[in-house]
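In what follows, chains are A, B, ... by sequence order, proteins preceding strands, each numbered from 1.
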Number of protein chains: 2
Amino acid sequence: MTESGSDTWLALAGQRLSSAGLKAGAARTAVIELLANEGRCLLSPQEIATKLQGGSSGSIASVYRTLDCLHELGLVRRLDGQDGVARYEINHPGHVHHHFFNEATGAVTPFEDQELDQLIREIAQRLEVRVTSYDVILRGVNGK
Amino acid sequence: MTESGSDTWLALAGQRLSSAGLKAGAARTAVIELLANEGRCLLSPQEIATKLQGGSSGSIASVYRTLDCLHELGLVRRLDGQDGVARYEINHPGHVHHHFFNEATGAVTPFEDQELDQLIREIAQRLEVRVTSYDVILRGVNGK
DNA sequence: TTATATGCAAAAGCTTTGCATGGGT
DNA sequence: ACCCATGCAAAGCTTTTGCATATAA
């Protein structure tokens, strides 16, 4: 049985965190495990904190600190929503997806498109820049 | 002499605002004229307010209200930055551009790519959605 | 004259930070 | 032992809102 995406991400996270000289505390571990399980698409810090409220660990401050840290290490992607709330999702190397926001319902639909990713690489070449991250955000409504 | 882009936008803005039953006050007029002159690429509300401080009109509240209003009418585009600040630029119909953020310097480079815009239309079709707005955000550094 | 616009100040959020305590290695 | 992590509460920010006044049409 091949290793699941979550497991590889979890392993990568543990590796990078210890490489950075960081120690595994209860709150950060809880956030990371939550992300590994259900962090595939855009969770807000508040949502994460709420989901963690069952356990004894995971103050809102630690959630923010953990997300900051993971973002700096390239372990999560961050999207800043129009509602002034930042949302995060795990960053799977070589497995990018993008987002369609339904403005009528608020629903978010992730999608992939290799052609799009390829074209962006070409654009980066043309601009003579090295792109370390990118987002494609579509907004609209269903139908047609 | 052909009408400049700013003038067409200014005309369109006046038209849509009055169609919406809104009245032309000093503060909003000042913001709109500023945008027409130098609102091609990503200004923050604070920057706009500062540029307006010379005149007697343009409190920060009115700047926010004006931008909100223009955004609802589709007259400006809005991008939410990673620093928690929303930035606006005039929305030229049929003249989309996107943004490269240099993470080292903070500089923003706008770019256009018709192939990209076309591909996004195709993706919208595939997803069976009607896209009313979209952003492509590149981040990275110069070189290579 | 009536509905909208404006400015000020207060309020509302989200996010960050200081500090004392607890925990990993 | 030493350094990092955590929680709480306070502070910092951007943005929104209430309200009285001024102004466009």
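Between B:H97 and B:H99, the ring centre distance stays below 6.0 Å.
Dashed line: the shortest gap from a side-chain N or O of B:Y64 to OP1 or OP2 of D:dT16 is not under 4.0 Å.
When heavy atoms are screened at a 4.0 angstrom cut-off, B:S57 is found touching the sugar-phosphate backbone but no base atom.
When each of B:S59 and B:G21 is assigned the nucleotide of DNA chain C bearing its nearest heavy atom, the one mapping closer to the 5' terminus is B:G21. When the nearest nucleotides of DNA chain D are assigned to B:R65 and B:A26 by heavy-atom distance, the more 5′-ward of the two goes with B:R65.
Counting heavy atoms from C-beta on, the side chains of A:R40 and A:H92 come closer than 4.5 Å.
Relative orientation of the B:Y134 and B:H98 rings is tilted, given thresholds of 30° and 60° on the angle between their planes.
At whole-Å resolution of the value, CG in B:L22 and C1' in C:dT6 are 14 Å apart. Rounded to whole angstrom, the span from the CG atom of A:D83 across to the P atom of C:dA12 amounts to 19 Å.
Out of C:dG18, D:dA5, D:dT17, the shortest distance to the side chain of B:A61 is found at D:dT17. If you check C:dG7, C:dT4, D:dT16 against the side chain of B:D68, the one that comes closest is D:dT16. When each of C:dT6, C:dG24, C:dT15 is scored by its nearest atom to the side-chain atoms of A:V85, the top-ranked nucleotide is C:dT15. Here D:dT15 is the nucleotide among D:dC4, C:dA5, D:dT15 with the atom lying nearest to any side-chain atom of B:A86. Of the candidates D:dC3, D:dA25, D:dT15, D:dT15 carries the atom nearest the B:Q46 side chain, counting heavy atoms from C-beta on.
Counting only N and O atoms by type, the side chains of B:R28 and B:T66 include no donor and acceptor under 3.5 Å apart.
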